[in-house]
Amino acid sequence: MSSTETTATTWHERVEFRPGSYHDSVTLLRVAQAAASTAGVSAAQVAMATELNVELTRGLGFTVPEDVTPQQLIVAIRAVDDAALTAALEAVDGALAAASAPAPGARADLDPPRTVRSAARSEPDSTIALLSVPGPQVLAEGLDAIAAGKHLMIFSDNVPVADEVLLKQRAAEAGVLVMGPDCGTAIISGVGLGFANVLGGTLVGGSVLGGSTSSGTEAAPTVGIVAASGTGAQHLSCLLDAAGVRVSHVLGLGGRDLSEAVGGASALTALQLLEDDPGTDHIVLVSKPPHPATAQKVLAAATALRTPVSTVLLGTGNPDITSAVEVLLATLGVPTPNWAEWGTDREIATDTGDLRGLFAGGTLADEAMIVAATALGGIRSNIPLRPEDALPAEALQPGRPVLTGQGHVVVDLGDDAFTLGRPHPMIDPSVRLGLIADQAADPQVRVILLDVVLGHCAEPDPAAGLVPAIRAAVSRDGVLDVVVSLCGTSSDPQDLRRQAQALVAAGARVHTSNSAAARDAATIARGGVR
């Protein structure tokens, strides 16, 4: 271990470079948070020394030598004195030790498997492999999982399209399902993988991917979801849960599955799996805007199934997710509830200005743009609905985009360009919190639109960071509103109602319908004119 130590006029700093100590980015985020929460610490960075992380560390004012390698772990701390510095380093060591501890029930005499191939040998009865490795490493590990006869969930992003196509071709030949790449959520026989909400009726499905659950009751139809959309699947399933509809399985596909290049390969497999599942009475296919030819092929396959299939294919002229759920509920004979909202009775000022959407979920961002554009016209984005609405390259700076002067904007902060080398914004809120402050300082901005997604693996208490940021924003001179699309269930560990109440107390308007939140924000941008 090598280190450097300097003392500034006020602050004490320590930067260490630890070789042979790899940890994934989510683990290191938690470690950095443990250090940052130590009394007297003003800055903390704990990350693998990738090019991006080195740049971010230098951006915090720390000195990083040119010869550092990605195999080294950077630990950089700035504190008020040596005692705080020592306490922060002890917090880092403790958090790293806890992260490296064996899982409950694991045999202490066995080394954990280091590859999919060795894991498949050690767990021959397993049915699913989950990959969360750097994108370029996915192909080899994924092919090994398929060769072992395992269904595959790929949480990783930044995977080349050609690799995805090859993996799904091999999976079709082997009769297994590939969920992903960039598959953020799935629920298999009641077990959540990745970002997963706690649904009241998930423990009712059959053995769609080899799991087993109780059969549940026969009181109401049970819905299975096939999703080329992570947050779209979460929003859909949470709305169904609020209406009392049970969900058997959520089979994620990755956001590119219904693209022209991938051709719906996993969608076709997932539809057939749910067709064969005795615990699924109705199937819903949800996708961010698909390629027309691919959508036509997948819809033709869906029409041929015995199990009824409803579709939620986002796009201009198509129903939004909430409207599609209301149609589905009518089809199932289930009453439509009043979708919860809080703080929306506040009077809207007549001032007009720009809408800035800062989203963690790509599908929720897509839907918000589609809905808001009806009232506001073109909306610029890093994932634009039309090529002419793309944000210029100079606005999309690494780390944090600069949106001043860009008019109405909706940004997907979960896009690959923003998650390279860092955790997803549903886990790490730092980029978005900085952006909220940036938009609040822009006098042209009239309303900030945010999504907050609850559930397992998401930030444990998103309101804790958002409340001071929202309170500071709405207290700006002039007029500024904050609208929140809150995706979650009453059983989620973050407690949906508690999150909503905290956000409203800070000054936000909160909706459980994403499309309703987008309409509310667009109305505010127009000075209350619908």
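The figures that follow rest on heavy atoms only: side chains count, while hydrogens, waters and symmetry mates do not.
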[atom1]-[atom2] distance between [X] and [Y], expressed to the nearest 0.5 angstrom:
X	Y	atom1	atom2	result
L96	L73	CG	CG	6.5 Å
N197	H235	CG	NE2	11.0 Å
I348	I524	CD1	CD1	5.0 Å
L396	F418	CG	CZ	5.0 Å
L28	Q45	CG	CD	9.0 Å
D415	S381	CG	OG	8.5 Å

Between S323 and D320, does the side-chain hydrogen bond (donor to acceptor under 3.5 Å, both in side chains) criterion hold? Intermediate values first, please. CA-CA 5 Å; S323 298; D320 58 61; 3.1 Å; yes

Looking at every non-hydrogen atom in both residues, tell me the closest pair between [X] and [Y] and how far apart they are.
X	Y	answer
T38	A87	CG2-CB, 3.7 Å
A502	A463	CB-CB, 4.0 Å
P462	L454	CG-CD2, 3.8 Å
V484	A517	O-CB, 4.2 Å
H511	E341	ND1-OE1, 3.5 Å
A324	P319	N-CB, 4.3 Å

For the backbone of [Y] and the side chain of [X], can you confirm whether one donor and one acceptor N or O come within less than 3.5 Å of each other?
X	Y	value
T50	N53	yes
H249	I188	no
H12	R78	no
R256	P181	no
D241	G200	yes
Q494	G455	yes
R432	L413	no
E123	A119	no
D157	D182	no
D257	V262	no

When you compare the side chains of [X] and [Y], does any donor N or O come within less than 3.5 Å of an acceptor on the partner?
X	Y	value
T363	D366	no
S513	S515	yes
T222	R246	yes
K150	T127	no

Decide yes or no for [X] and [Y]: does some side-chain heavy atom of the first lie under 4.5 Å from some side-chain heavy atom of the second?
X	Y	result
L193	I187	no
E13	S42	no
E55	R58	no
I74	V46	no
L236	V325	yes
L435	D438	yes
D163	P160	yes
L152	L177	no

Among residues two or more places apart or on two chains, list those pairs meeting salt bridge (Lys or Arg N to Asp or Glu O under 4.0 Å) that have a residue in [range].
range	answer
residues 483-499	D461-R498
residues 85-101	R18-D93
residues 353-365	D354-R356, R356-D442

Which atom pairs, one a donor and one an acceptor, fall under 3.5 Å between side chains of residues 443-450 and the rest of the protein, sequence neighbours left out?
residue: R446; atom: NE; partner: D351; partner atom: O; Å: 2.9
residue: R446; atom: NH1; partner: D481; partner atom: OD2; Å: 2.8
residue: R446; atom: NH2; partner: A349; partner atom: O; Å: 3.4
residue: R446; atom: NH2; partner: D481; partner atom: OD2; Å: 3.2

Residue of the set D451, D520, N514 for which side-chain hydrogen bond (donor to acceptor under 3.5 Å, both in side chains) holds with S485: N514

Dump the intermediate steps for side chain to side chain contact (heavy atoms under 4.5 Å, CB included) on T322 and W339, then the final yes or no. CA-CA 9 Å; T322 303; W339 308 116; 3.3 Å; yes

Identify which one of V133, V138, L131 satisfies the side-chain contact (heavy atoms from CB on, under 4.5 Å) criterion when paired with V159. V138

For a side chain to side chain contact (heavy atoms under 4.5 Å, CB included) check, start with the C-alpha distance between E394 and V402, then their side-chain angles and the critical distance, and finish with the verdict. CA-CA 8 Å; E394 59 268 21; V402 177; over 6 Å; no

Please test V75 against V15 for side chain to side chain contact (heavy atoms under 4.5 Å, CB included), starting from the C-alpha separation and ending with a verdict. CA-CA 6 Å; V75 179; V15 183; over 6 Å; no

Identify all side-chain donor-acceptor contacts of residues 403-410 below 3.5 Å with residues at least two apart in sequence or on another chain.
residue: Q406; atom: OE1; partner: R380; partner atom: NH1; Å: 2.8
residue: H408; atom: ND1; partner: L355; partner atom: N; Å: 3.0

With side chain to side chain contact (heavy atoms under 4.5 Å, CB included) as the test, would you mind laying out the steps for L167 and I154 before giving the verdict? CA-CA 11 Å; L167 285 168; I154 305 172; 3.9 Å; yes

Set of residues satisfying ring-ring contact (aromatic ring centres under 6.0 Å, His included) with respect to F155, sequence neighbours excluded: F195

